[in-house]
Student: 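Pasting a structure below so you can have a look.
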Amino acid sequence: MILKKLIFDNYKTYYGLQEIDLYIPKEVRDEKTQNIILLGGLNGAGKTTILKAILYVLFGKRGMSDTEYKRLFSNVINNTFFNEGGRECSLTLVIETDSGEEWTLKVKWYFNQLKKMTHEERNLNVRKAGSKMAKHARIDNIEVYNRYIDKIIPYHAAPFFIFDGEEVKEVILRQNSEEMKEAIHKITGMEAYKQLLIDLRTLKGNIENKLTRSVSHSTLTNIQSQLKEKEVAISELEIKKNKIQTEIRHYENLIKEAKQERNEILSKNSKSREVIIKQQSRVATELEMLKKDLSLFLQQNTYNIMLREKIQKMKIRLKDEYSISQKKMLQDASLSPYRNFINQLLNKSINPPLSSGQLEQLRILGEEVWIKENKISNVQLDMEIIHDVTSKDYALLTNIAVKDKYQVSDIINKMEKLQQELDALEIDIRKAPESVNIDKENNKIDLLTRKLGELDLKRKAIQKKYNGAVEERTSLLNKLTRISGQDSNLDELNQQLVDVDKTIKTMQQYVSEVTVMKATYIKEEFSFMLKKLFRKQDEFGKIEFDLNTYSIRLYNDQMQEISIQERSAGEMQMISSALIWALTIASDLALPMVIDTPLGRLDSYHRNHLINHYYKELSEQVIILSTDTEITKEYVELMESHSYKQYMLDYDERKKYTIIRDGYFEYAKS
């Protein structure tokens, strides 16, 4: 990434809204001639404020105690602005990533009338490359924000890219510490390899767990065979059902035709019978329409009616599970640092070794303490999460319409009423006086009606068998789904376990070899830069990078180890700068360098070499904050040829605030 702007809004010594343009265009960076942004100022003008501001906007309170935070940020509002009635101040840092995105990070502080800070607010705007619109987010979950920032500049990399030049020797003094070892691991990418090994071992454990609860292949085959037999039986019953349904429709049509023939005879015989027949025709038509309505309604809504209660229960269950899942995700995000820590801790060798039960107790008890200490909402999983659905499926399932069976009952009641009316009209027709003999027609209708009744009984028997077969098929499908979810293929699981074992062993070998390669690379780059920077060119006979301690070891021409701590302050700075160079090259991170007072303790030789051979090659963007004591005519001329922009931090003693001006210690040139 590269820094674009730093904006102060009544922050510390910077009164009003003041902006520092730090951007170096890509074409200038590609030429590699002017990569330095120079900011000069007397002591107290606000140089260190700039360095601390960049660190805080990026990393917040990380690595800082509450006491230190209160000391540094309890009084950040500009005094002049506060006396004028102002009650808020802010810092804004604009950066550009290698993908062309522009990130605007802003921290804002609010104060009461007693100048006591009430709260802090953090915001992030991200504008995609080529877009005019930015995506805005207020940061409420700081852990999520930290992981987001670490994607472009890891927190552990900060001491090697943003530091005080006079304190850079601390890099060497801390080199045997666990903190330093961890920082080098992370900046060189070794931490990612370690995490990958942890993930692979977790994957291996998951496969082993699946193996313990998986089912045999023969069980799966047996269920699939039963399911196939049931599908055949259902298919045969459907054929029989369709065949008898066709016969029923045929007899219904015959009865309808017989009644029409009889009614035509009657309509010629009596006016009263003609009226009854018309009524019978109307009622029969209404009954047929209701049958069609019922059939259509059932086709569209049968499952929704039958599953009404289950759908309602499913909706409630899905909403409860979704709520728990959201809470669990928040809890898991908050517990992520603890789980990384405990996984690393429990993978360490312990003597005497703890049992698996004791290790699990430590993990569980530690999690409870972590939750309590960090005041994390503890999500009690009082129900099992049995659904795994996408957001689209979740919306679809929770919006399924629930149909009421009373609509069916209403249609059936109307049909029964019409059927009763139809039967009554049939009786009326038979009782009506007749001059013709219709016994033959009535007998035919009765015969057809009895046959229709027999067919209907047969149809109901087939339907009962069909429904039973469908239920058995559904049961077998559910059983098959549950077994499939248990990774029933033992051969596949065993092969996965073998593959993961091979991958872990290969990765262990890879990490071992890459560690040696990284160490060799760091040693070579360190040696290369140290020889460029040091005045005494033949000072060292051998330079080593210790793989066990991740530290630099120097030897004289007699192969006797030299104590680094006994070197002068200037030499210590050169050694530390060379190590930062080596780690920066090894990390392959293209990040800006921000260095405060880098030349204060150096003689002219080391100063010139640091500028000519170090800063102009170190990064595409090097921001140097210097005091007047570092300024010489030669220094100004060197900086002019290598710097893209120069600023002066001008502190007004009378007004008690700093103004950022273009130009750099103009009086030094004269």
Student: Counting distance only, does the side-chain N/O of Asn10 pair as donor-acceptor with the main-chain N or O of Gly16 below 3.5 Å?
Tutor: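 Side chain of Asn10 to backbone of Gly16, a donor-acceptor pair under 3.5 Å: yes, one is there.
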Student: With the side chain counted from C-beta on, respond yes when Lys348 and Leu346 share a heavy-atom pair under 4.5 Å apart, and no when they do not.
Tutor: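 The answer is no, as the side chains (C-beta and beyond) never meet within the 4.5 Å cut-off.
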Student: Measure from the side-chain N and O atoms of Thr13 to the backbone N and O of Tyr657, and report whether any donor-acceptor pair falls under 3.5 Å.
Tutor: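 No, the answer is negative, given that no donor and acceptor are paired below the 3.5 Å cut-off.
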Student: Please verify the inter-ring angle class for Phe59 with Tyr155; under 30° counts as parallel, over 60° as perpendicular, anything in between as tilted.
Tutor: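 Perpendicular.
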Student: To the nearest 0.5 angstrom, please state how far the CD1 atom of Ile580 sits from the CD1 atom of Ile585.
Tutor: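 One finds 12.5 Å between CD1 of Ile580 and CD1 of Ile585.
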Student: Quick one: pull up CG in Leu200 and CD in Gln195 and give me the separation to the nearest 0.5 Å.
Tutor: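 Interatomic distance, Leu200 CG to Gln195 CD, rounded to 0.5 Å: 10.0 Å.
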Student: Donor-acceptor pair, Glu321 side chain versus His387 backbone, under 3.5 Å?
Tutor: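 Pair found, side chain donor or acceptor close to backbone of His387.
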Student: Who passes salt bridge (Lys or Arg N to Asp or Glu O under 4.0 Å) against Glu617, sequence neighbours left out?
Tutor: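 Scan of Glu617 (salt bridge (Lys or Arg N to Asp or Glu O under 4.0 Å), adjacent residues dropped) gives none.
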Student: Check for a donor-acceptor pair, side chain of Asp393 on one end and backbone N or O of Val389 on the other, with a separation under 3.5 Å.
Tutor: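 The answer is no, because no donor-acceptor pair under 3.5 Å joins these two groups.
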Student: Check step by step if ring pair (Phe, Tyr, Trp, His ring centres under 6.0 Å) holds for Phe341 and Trp370.
Tutor: CA-CA 11 Å; Phe341 161 74; Trp370 183 272; 7.6 Å; no
Student: Heavy atoms, side chains only, cut-off 4.5 Å: are Ile54 and Leu93 in contact?
Tutor: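 They are in side-chain contact.
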Student: To the nearest 0.5 Å, tell me how far Ile660 CD1 sits from Ile50 CD1.
Tutor: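 Between atom CD1 of Ile660 and atom CD1 of Ile50 there are 6.0 Å.
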Student: After noting the C-alpha distance and the side-chain angles of Asp596 and Lys47, does the key distance pass the salt bridge (charged side-chain N to carboxylate O under 4.0 Å, His left out) rule?
Tutor: CA-CA 7 Å; Asp596 186 13; Lys47 298 186 310 303; 5.0 Å; no
Student: Would a 4.5 Å heavy-atom cut-off, applied to side chains only, mark Asp652 and Thr658 as touching?
Tutor: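 Not in contact.
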Student: Indicate the atoms forming the closest heavy-atom contact of Tyr23 with Asp21, along with that distance.
Tutor: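 Tyr23 and Asp21 have their closest heavy atoms at N-OD1, 3.1 Å.
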Student: Does the ring of Tyr145 carry Arg138 above it, NZ/CZ under 6.0 angstrom from centre and within 45° of its axis?
Tutor: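 Verdict for Tyr145: no cation-pi partner in Arg138.
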Student: Would you confirm whether Thr118, through its side chain, and Tyr110, through its main-chain N or O, come within 3.5 Å as a donor-acceptor pair?
Tutor: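 Yes, Thr118 side chain to Tyr110 backbone: donor-acceptor pair under 3.5 Å.
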Student: Would you name the heavy atoms of Phe160 and Thr584 that are closest together and state the gap between them?
Tutor: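 Nearest heavy atoms, Phe160 then Thr584: O-OG1, 4.4 Å.
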Student: The test is side-chain contact (heavy atoms from CB on, under 4.5 Å); show your working for His136 and Asn123 and say whether it passes.
Tutor: CA-CA 8 Å; His136 174 77; Asn123 291 277; 3.4 Å; yes
Student: Does any N or O in the side chain of Tyr647 come within less than 3.5 Å of the main-chain N or O of Gly41, such that one atom is a donor and the other an acceptor?
Tutor: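 Absent.
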Student: Tell me every residue that passes salt bridge (Lys or Arg N to Asp or Glu O under 4.0 Å) with Glu525, counting only those two or more places apart in sequence or in another chain.
Tutor: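 By the salt bridge (Lys or Arg N to Asp or Glu O under 4.0 Å) rule, Glu525 matches no residue at all.
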Student: Do Asp150 and Arg62 pass the salt bridge (charged side-chain N to carboxylate O under 4.0 Å, His left out) test, and can you show the C-alpha distance, the side-chain angles, and the key distance before you say yes or no?
Tutor: CA-CA 12 Å; Asp150 282 351; Arg62 283 197 277 180; 2.9 Å; yes
Student: Is the shortest heavy-atom distance from the side chain of Asn125 to the side chain of Trp103 under 4.5 Å?
Tutor: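 No, their side chains stay 4.5 Å or more apart.
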Student: Look up atom NZ in Lys656 and atom OG1 in Thr80, then write down how far apart they are to the nearest 0.5 Å.
Tutor: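 Rounded to the nearest 0.5 Å, the NZ-OG1 separation comes to 9.5 Å.
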Student: Would you call Glu121 and Lys108 a salt bridge, using N to O less than 4.0 angstrom?
Tutor: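 Lys108 and Glu121: not salt-bridged.
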Student: Heavy-atom count around Asp66 CG within 6.0 Å, excluding the residue itself: above 12?
Tutor: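 Open: at most 12 neighbouring heavy atoms sit under 6.0 Å from CG of Asp66.
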Student: Near Tyr394 OH, under 6.0 Å, is it more than 12 heavy atoms from other residues, nucleotides or ligands?
Tutor: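 It does: Tyr394 OH has more than 12 such atoms within range.
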Student: Output the distance between atom OG1 (Thr398) and atom NZ (Lys319), rounded to the nearest 0.5 Å.
Tutor: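 Here the interatomic distance stands at 6.0 Å.
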Student: Considering all heavy atoms of both residues, which atom of Ser334 and which atom of Pro337 are nearest to each other, and what is their separation?
Tutor: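 Closest approach of Ser334 to Pro337, heavy atoms only: O-CD, 3.5 Å.
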Student: Apply ring pair (Phe, Tyr, Trp, His ring centres under 6.0 Å) to Trp581 and Tyr615, showing your working.
Tutor: CA-CA 10 Å; Trp581 168 276; Tyr615 290 133; over 10 Å; no
Student: Under 4.5 Å between any side-chain heavy atoms of Ile575 and Leu530, yes or no?
Tutor: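 Yes, close enough: below the 4.5 Å cut-off.
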Student: What's the shortest heavy-atom distance between Asn75 and Asn79, and which atoms?
Tutor: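 Taking every non-hydrogen atom into account, OD1-OD1, 4.2 Å.
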Student: Of the non-hydrogen atoms in Cys89 and Phe111, which two are nearest, and what is the gap between them?
Tutor: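 Heavy atoms of Cys89 and Phe111 come nearest at SG-CE1, 4.0 Å.
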Student: Could you tell me whether the side chain of Lys4 reaches within less than 4.5 Å of the side chain of Leu22, counting heavy atoms only?
Tutor: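 No; the side chains remain at least 4.5 Å from each other.
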Student: Counting neighbours of CD on Gln113 that are heavy atoms of other residues, nucleotides or ligands and sit closer than 6.0 Å, is the number greater than 12?
Tutor: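 Open: at most 12 neighbouring heavy atoms sit under 6.0 Å from CD of Gln113.
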Student: Kindly determine whether Thr67 and Ser65 satisfy side-chain hydrogen bond (donor to acceptor under 3.5 Å, both in side chains), including the steps that lead there.
Tutor: CA-CA 5 Å; Thr67 304; Ser65 66; 4.6 Å; no
Student: May I ask you to say whether Glu367 pairs ionically with Arg339, meaning some side-chain N is under 4.0 Å from a carboxylate O?
Tutor: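 Here Glu367 pairs with Arg339 in a salt bridge, since their nearest N and O are under 4.0 Å apart.
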Student: Return the CG to CD1 distance between Leu196 and Ile198, rounded to the nearest 0.5 Å.
Tutor: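 CD1 of Ile198 is found 9.5 Å from CG of Leu196.
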Student: For Asn35, which residues count as a side-chain contact (heavy atoms from CB on, under 4.5 Å) partner, sequence neighbours excluded?
Tutor: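 Partners of Asn35 by the side-chain contact (heavy atoms from CB on, under 4.5 Å) criterion, ordered by chain and then number, come out as Lys616, Val622.
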Student: Which pair of non-hydrogen atoms, one from Leu649 and one from Ala45, has the smallest distance, and what is that distance?
Tutor: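 Smallest heavy-atom distance, with atoms named: O-CB, 3.6 Å.
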Student: What do the steps show when you test Asn343 against Arg363 for side-chain hydrogen bond (donor to acceptor under 3.5 Å, both in side chains), and what is the final call?
Tutor: CA-CA 9 Å; Asn343 283 336; Arg363 190 186 303 276; 2.9 Å; yes
Student: Is the number of heavy atoms from other residues, nucleotides or ligands within 6.0 Å of NZ (Lys5) greater than 12?
Tutor: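 No.
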Student: Check step by step if side-chain contact (heavy atoms from CB on, under 4.5 Å) holds for Ile623 and Leu38.
Tutor: CA-CA 6 Å; Ile623 298 167; Leu38 199 56; over 6 Å; no
Student: Distance under 6.0 Å and angle within 45° of the ring axis: does Lys115 meet both against Phe82?
Tutor: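 Yes, Lys115 lies over the aromatic ring of Phe82.
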Student: Is a side-chain donor or acceptor of Tyr14 paired with a backbone partner of Gly46 at a separation under 3.5 angstrom?
Tutor: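 Looks like yes, one N/O pair under 3.5 Å.
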Student: Just by modelled atom types, is the Lys135 backbone N or O under 3.5 Å from a matching donor or acceptor in the Arg127 side chain?
Tutor: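 Side chain of Arg127 to backbone of Lys135, a donor-acceptor pair under 3.5 Å: no, none is there.
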Student: Does atom NZ of Lys52 have more than 12 heavy-atom neighbours from other groups under 6.0 Å away?
Tutor: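 Atom NZ in Lys52 is not crowded, with 12 or fewer foreign heavy atoms closer than 6.0 Å.
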Student: Take Leu124 and Thr104 through the side-chain contact (heavy atoms from CB on, under 4.5 Å) test and state the conclusion after the steps.
Tutor: CA-CA 6 Å; Leu124 170 64; Thr104 302; over 6 Å; no
Student: Does Gln646 use its side chain to pair, donor to acceptor, with the backbone of Ser643 at less than 3.5 Å?
Tutor: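 Side chain of Gln646 to backbone of Ser643, a donor-acceptor pair under 3.5 Å: no, none is there.
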